[in-house]
S.K.: 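One structure, as C-alpha coordinates, below. Some questions next.
Along the sequence shown, residues are numbered consecutively beginning with 1. One-based numbering, in listed order, for ligands and for the atoms of each.
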Amino acid sequence: MLRVKICGITQPEQGREIVRLGATALGFICVEASPRYVSPEKIREIIRQLPPKPVTLIGVFANATLDRIIDTVKFAGLTGVQLHGDESPEFCRQVRATLAQVETIKALRVKTTAALATIAPYAEVVDALLLDAYHPQQLGGTGKTLDWQALQQFRPPLPWFLAGGLNPDNIGEALSQVQPDGIDLSSGIERSPGEKDLHEVARLFEGLRPYFANPIGKEL
Ligand SMILES: O=C(O)c1ccccc1NCC(=O)[C@H](O)[C@H](O)COP(=O)(O)O
(Lines give C-alpha, C1' and ligand atoms only; values in the text may rest on other atoms or scores of the structure.)
Protein backbone atom coordinates (compact mmCIF):
# COMPACT_ATOMS: atom_id res chain seq x y z
CA MET A 1 0.00 0.00 0.00
CA LEU A 2 1.19 3.51 -0.76
CA ARG A 3 2.56 5.22 2.36
CA VAL A 4 1.53 8.84 2.83
CA LYS A 5 3.72 10.99 5.06
CA ILE A 6 2.45 14.42 5.98
CA CYS A 7 5.36 16.49 7.19
CA GLY A 8 5.63 19.62 9.30
CA ILE A 9 2.95 18.84 11.89
CA THR A 10 2.97 21.46 14.65
CA GLN A 11 -0.46 21.22 16.29
CA PRO A 12 -2.19 18.35 18.14
CA GLU A 13 -5.61 18.90 16.56
CA GLN A 14 -4.13 18.98 13.05
CA GLY A 15 -2.13 15.80 13.74
CA ARG A 16 -5.29 14.04 14.92
CA GLU A 17 -7.33 15.09 11.91
CA ILE A 18 -4.59 14.24 9.42
CA VAL A 19 -4.28 10.73 10.87
CA ARG A 20 -8.06 10.40 10.72
CA LEU A 21 -8.01 11.44 7.06
CA GLY A 22 -5.57 8.63 6.22
CA ALA A 23 -1.92 9.62 6.75
CA THR A 24 0.27 6.60 7.46
CA ALA A 25 3.16 8.73 8.73
CA LEU A 26 3.54 12.14 10.37
CA GLY A 27 6.72 14.17 10.14
CA PHE A 28 7.95 16.53 12.86
CA ILE A 29 10.62 19.06 11.95
CA CYS A 30 13.40 18.97 14.56
CA VAL A 31 15.51 21.53 12.65
CA GLU A 32 15.47 24.73 14.68
CA ALA A 33 16.05 27.02 11.70
CA SER A 34 12.81 25.85 10.06
CA PRO A 35 9.53 27.76 10.49
CA ARG A 36 8.00 24.31 11.04
CA TYR A 37 10.26 23.48 13.98
CA VAL A 38 8.59 21.76 16.92
CA SER A 39 10.27 21.11 20.26
CA PRO A 40 10.57 17.56 21.66
CA GLU A 41 8.02 18.55 24.35
CA LYS A 42 5.52 19.65 21.70
CA ILE A 43 6.07 16.52 19.62
CA ARG A 44 5.43 14.38 22.68
CA GLU A 45 2.20 16.25 23.35
CA ILE A 46 1.02 15.93 19.73
CA ILE A 47 1.77 12.19 19.78
CA ARG A 48 -0.01 11.77 23.12
CA GLN A 49 -3.19 13.14 21.56
CA LEU A 50 -3.19 10.96 18.42
CA PRO A 51 -5.89 8.35 17.88
CA PRO A 52 -4.83 4.72 18.37
CA LYS A 53 -3.94 3.99 14.74
CA PRO A 54 -0.71 2.49 13.37
CA VAL A 55 1.10 5.62 12.21
CA THR A 56 4.85 6.09 11.84
CA LEU A 57 6.03 9.13 13.79
CA ILE A 58 9.09 10.55 12.12
CA GLY A 59 11.47 13.17 13.46
CA VAL A 60 13.20 15.13 10.69
CA PHE A 61 16.79 16.09 11.55
CA ALA A 62 19.55 17.82 9.58
CA ASN A 63 23.17 17.38 10.62
CA ALA A 64 22.16 16.80 14.25
CA THR A 65 24.39 14.90 16.65
CA LEU A 66 23.66 11.27 17.40
CA ASP A 67 22.99 12.16 21.04
CA ARG A 68 20.43 14.79 20.11
CA ILE A 69 18.64 12.38 17.77
CA ILE A 70 18.57 9.63 20.40
CA ASP A 71 17.36 11.97 23.15
CA THR A 72 14.59 13.42 20.98
CA VAL A 73 13.41 10.01 19.75
CA LYS A 74 13.24 8.61 23.27
CA PHE A 75 11.73 11.66 24.93
CA ALA A 76 9.08 12.36 22.27
CA GLY A 77 8.21 8.75 21.46
CA LEU A 78 9.17 8.86 17.78
CA THR A 79 9.20 5.64 15.72
CA GLY A 80 11.27 6.92 12.82
CA VAL A 81 13.99 9.40 11.94
CA GLN A 82 14.56 11.20 8.66
CA LEU A 83 18.11 12.45 8.12
CA HIS A 84 17.72 15.47 5.85
CA GLY A 85 21.19 17.04 5.92
CA ASP A 86 24.61 15.87 4.76
CA GLU A 87 24.71 12.78 6.95
CA SER A 88 27.26 10.22 5.75
CA PRO A 89 26.41 6.54 5.23
CA GLU A 90 28.53 5.78 8.32
CA PHE A 91 26.48 8.21 10.44
CA CYS A 92 23.24 6.67 9.13
CA ARG A 93 24.59 3.24 10.03
CA GLN A 94 25.29 4.43 13.59
CA VAL A 95 21.80 5.90 13.95
CA ARG A 96 20.19 2.69 12.76
CA ALA A 97 22.41 0.48 14.92
CA THR A 98 21.71 2.59 18.01
CA LEU A 99 17.98 2.97 17.46
CA ALA A 100 17.33 -0.58 16.35
CA GLN A 101 13.51 -0.47 16.49
CA VAL A 102 13.31 2.93 14.80
CA GLU A 103 12.84 3.36 11.02
CA THR A 104 15.79 5.25 9.52
CA ILE A 105 15.13 7.26 6.36
CA LYS A 106 17.85 9.13 4.46
CA ALA A 107 16.64 12.14 2.51
CA LEU A 108 18.58 13.17 -0.56
CA ARG A 109 18.11 16.55 -2.17
CA VAL A 110 18.33 15.92 -5.88
CA LYS A 111 19.86 18.79 -7.82
CA THR A 112 20.44 16.78 -10.97
CA THR A 113 19.95 13.11 -11.76
CA ALA A 114 23.71 12.67 -11.15
CA ALA A 115 22.84 12.89 -7.43
CA LEU A 116 21.10 9.53 -7.73
CA ALA A 117 24.54 7.92 -8.04
CA THR A 118 25.20 8.83 -4.39
CA ILE A 119 22.43 6.51 -3.22
CA ALA A 120 24.30 3.19 -3.39
CA PRO A 121 26.28 3.49 -0.10
CA TYR A 122 23.08 4.32 1.80
CA ALA A 123 21.12 1.31 0.55
CA GLU A 124 22.60 -1.08 3.13
CA VAL A 125 22.47 1.26 6.11
CA VAL A 126 18.97 2.78 6.11
CA ASP A 127 15.43 1.42 5.88
CA ALA A 128 14.16 3.81 3.23
CA LEU A 129 15.16 6.75 1.05
CA LEU A 130 13.34 10.01 0.46
CA LEU A 131 14.02 12.04 -2.66
CA ASP A 132 13.41 15.75 -2.22
CA ALA A 133 13.96 18.78 -4.41
CA TYR A 134 17.15 20.80 -4.13
CA HIS A 135 17.03 24.46 -3.09
CA PRO A 136 20.20 26.54 -2.52
CA GLN A 137 18.94 28.13 0.72
CA GLN A 138 16.33 25.74 2.14
CA LEU A 139 16.81 22.16 3.26
CA GLY A 140 13.19 21.16 2.88
CA GLY A 141 9.61 22.25 2.63
CA THR A 142 10.52 24.17 -0.51
CA GLY A 143 7.48 23.45 -2.69
CA LYS A 144 9.81 22.70 -5.58
CA THR A 145 9.14 19.57 -7.62
CA LEU A 146 11.59 16.98 -8.90
CA ASP A 147 11.93 16.01 -12.53
CA TRP A 148 9.46 13.10 -12.41
CA GLN A 149 10.19 12.08 -15.96
CA ALA A 150 13.85 11.51 -15.07
CA LEU A 151 12.71 9.24 -12.21
CA GLN A 152 10.48 7.00 -14.30
CA GLN A 153 12.95 4.12 -14.19
CA PHE A 154 14.12 4.79 -10.62
CA ARG A 155 13.99 1.46 -8.74
CA PRO A 156 16.35 1.53 -5.76
CA PRO A 157 16.92 -1.71 -3.83
CA LEU A 158 15.00 -0.34 -0.81
CA PRO A 159 11.68 1.45 -0.29
CA TRP A 160 11.58 5.12 -1.20
CA PHE A 161 9.41 8.19 -0.75
CA LEU A 162 8.82 10.84 -3.38
CA ALA A 163 8.81 14.37 -1.92
CA GLY A 164 9.13 17.89 -3.25
CA GLY A 165 6.29 20.20 -4.20
CA LEU A 166 3.55 17.57 -4.19
CA ASN A 167 -0.02 18.81 -3.74
CA PRO A 168 -3.60 17.63 -4.38
CA ASP A 169 -3.48 18.97 -7.94
CA ASN A 170 -0.25 17.38 -9.11
CA ILE A 171 -0.13 14.11 -7.15
CA GLY A 172 -1.99 12.15 -9.84
CA GLU A 173 0.44 13.32 -12.51
CA ALA A 174 3.42 12.51 -10.28
CA LEU A 175 2.19 8.98 -9.54
CA SER A 176 1.43 8.36 -13.20
CA GLN A 177 5.14 8.87 -13.90
CA VAL A 178 7.03 7.48 -10.91
CA GLN A 179 6.50 4.46 -8.69
CA PRO A 180 7.51 5.27 -5.14
CA ASP A 181 6.56 3.23 -2.08
CA GLY A 182 5.42 6.39 -0.37
CA ILE A 183 4.82 10.08 -0.87
CA ASP A 184 5.69 13.01 1.37
CA LEU A 185 3.95 16.37 1.39
CA SER A 186 4.30 19.56 3.34
CA SER A 187 3.94 23.04 1.82
CA GLY A 188 1.49 21.88 -0.87
CA ILE A 189 -1.17 21.33 1.80
CA GLU A 190 -0.44 24.36 3.98
CA ARG A 191 -1.92 27.81 4.59
CA SER A 192 1.44 28.97 5.93
CA PRO A 193 4.54 27.08 7.16
CA GLY A 194 3.43 24.62 9.85
CA GLU A 195 -0.26 25.47 9.48
CA LYS A 196 -1.88 22.69 7.47
CA ASP A 197 -4.95 23.37 5.36
CA LEU A 198 -7.24 20.50 6.35
CA HIS A 199 -9.48 21.01 3.31
CA GLU A 200 -6.46 20.51 1.09
CA VAL A 201 -5.41 17.46 3.10
CA ALA A 202 -8.91 16.01 2.66
CA ARG A 203 -8.76 16.76 -1.07
CA LEU A 204 -5.40 15.00 -1.25
CA PHE A 205 -6.76 11.79 0.29
CA GLU A 206 -9.84 11.97 -1.90
CA GLY A 207 -7.57 12.06 -4.95
CA LEU A 208 -5.47 9.20 -3.58
CA ARG A 209 -8.39 6.81 -3.17
CA PRO A 210 -7.63 4.84 -6.35
CA TYR A 211 -4.08 4.25 -5.15
CA PHE A 212 -5.29 2.63 -1.96
CA ALA A 213 -7.78 0.46 -3.81
CA ASN A 214 -5.30 -0.62 -6.50
CA PRO A 215 -1.57 -1.30 -6.12
CA ILE A 216 0.55 1.29 -7.87
CA GLY A 217 1.66 0.30 -11.32
CA LYS A 218 -1.47 -1.68 -12.13
CA GLU A 219 -4.05 -0.40 -14.60
CA LEU A 220 -6.96 1.29 -12.86
O1 LIG B 1 9.87 21.37 5.99
C2 LIG B 1 10.83 21.96 6.50
O3 LIG B 1 10.71 23.12 6.94
C4 LIG B 1 12.16 21.28 6.59
C5 LIG B 1 13.23 21.99 7.12
C6 LIG B 1 14.47 21.39 7.22
C7 LIG B 1 14.67 20.10 6.78
C8 LIG B 1 13.61 19.38 6.23
C9 LIG B 1 12.36 19.96 6.13
N10 LIG B 1 11.30 19.25 5.55
C11 LIG B 1 11.43 17.90 5.15
C12 LIG B 1 10.29 17.22 4.52
O13 LIG B 1 10.21 15.99 4.63
C14 LIG B 1 9.32 17.94 3.62
O15 LIG B 1 8.11 17.27 3.68
C16 LIG B 1 9.90 17.85 2.19
O17 LIG B 1 10.99 18.72 2.10
C18 LIG B 1 8.85 18.24 1.12
O19 LIG B 1 8.42 19.55 1.31
P20 LIG B 1 7.42 20.24 0.24
O21 LIG B 1 8.19 20.48 -1.00
O22 LIG B 1 7.01 21.50 0.90
O23 LIG B 1 6.27 19.30 0.05
Side-chain angles (χ1 to χ4, degrees), residues 2-11 14-15 18 23-40 42-43 46 55-65 68-69 72 78-87 91-92 95 103-111 115 122 126-148 151 159-175 178 180-198 200-201 203-205 207-208:
L2 183 71
R3 297 179 70 187
V4 183
K5 170 172 168 270
I6 304 295
C7 207
I9 303 297
T10 61
Q11 302 170 25
Q14 294 209 332
I18 288 168
T24 65
L26 299 183
F28 302 97
I29 305 297
C30 302
V31 180
E32 287 184 24
S34 167
R36 301 178 183 87
Y37 171 76
V38 268
S39 67
K42 190 76 186 273
I43 298 172
I46 296 171
V55 181
T56 314
L57 305 163
I58 298 174
V60 179
F61 298 86
N63 305 324
T65 63
R68 173 148 182 263
I69 295 171
T72 307
L78 295 166
T79 64
V81 296
Q82 179 176 318
L83 303 171
H84 213 96
D86 305 312
E87 297 85 3
F91 184 80
C92 295
V95 171
E103 181 176 24
T104 304
I105 301 171
K106 176 69 185 108
L108 296 160
R109 287 167 285 126
V110 181
K111 192 172 182 181
Y122 290 101
V126 296
D127 299 300
L129 295 171
L130 181 144
L131 297 194
D132 200 0
Y134 175 84
H135 186 285
Q137 278 91 39
Q138 285 168 253
L139 284 175
T142 67
K144 283 183 58 157
T145 52
L146 288 162
D147 179 353
W148 302 325
L151 292 172
W160 71 285
F161 287 83
L162 176 69
L166 298 173
N167 62 49
D169 293 319
N170 68 13
I171 194 67
E173 173 63 20
L175 292 176
V178 293
D181 300 278
I183 54 173
D184 169 280
L185 298 90
S186 185
S187 61
I189 45 165
E190 278 182 338
R191 289 183 197 282
S192 60
E195 174 81 26
K196 298 301 176 209
D197 182 331
L198 296 178
E200 287 299 283
V201 179
R203 205 159 69 80
L204 170 77
F205 283 103
L208 286 174

S.K.: Kindly compute the distance separating OG1 (Thr145) from CG (Leu166), expressed to the nearest 0.5 Å.
M.R.: 8.0 Å

S.K.: Of Ile46, Leu57, Val38, which meets side chain to side chain contact (heavy atoms under 4.5 Å, CB included) against Ile9?
M.R.: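 In the set Ile46, Leu57, Val38, the residue that makes a side chain to side chain contact (heavy atoms under 4.5 Å, CB included) with Ile9 is Ile46.
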
S.K.: Is the side chain of Asn63 donor-acceptor paired with the backbone N or O of Asp86 at a distance under 3.5 Å, no angle test?
M.R.: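 Confirmed, Asn63 side chain pairs with Asp86 backbone.
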
S.K.: Under 4.0 Å between a side-chain nitrogen and a carboxylate oxygen: does that hold for Glu103 and Lys5?
M.R.: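 Looking at Glu103 and Lys5, the cut-off is not met.
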
S.K.: Just to verify, which of Asp169, Ile6, Asp197, Asn167 counts as forming a side chain to side chain contact (heavy atoms under 4.5 Å, CB included) with Leu204?
M.R.: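 Exactly one option meets the side chain to side chain contact (heavy atoms under 4.5 Å, CB included) with Leu204, and it is Ile6.
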
S.K.: Using a strict cut-off of under 4.0 Å between a residue heavy atom and any atom of ligand 1, list the qualifying protein residues by chain and number.
M.R.: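 Ligand 1 is contacted, at a heavy-atom distance under 4.0 Å, by Lys5, Cys7, Ile29, Val31, Ser34, Arg36, Val60, Gln82, His84, Asp132, Leu139, Gly140, Gly141, Thr142, Gly143, Gly164, Gly165, Asp184, Leu185, Ser186, Ser187.
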
S.K.: Is there a side-chain contact between Arg109 and His135 in this structure, where contact means two heavy atoms from C-beta onward sitting under 4.5 Å apart?
M.R.: no

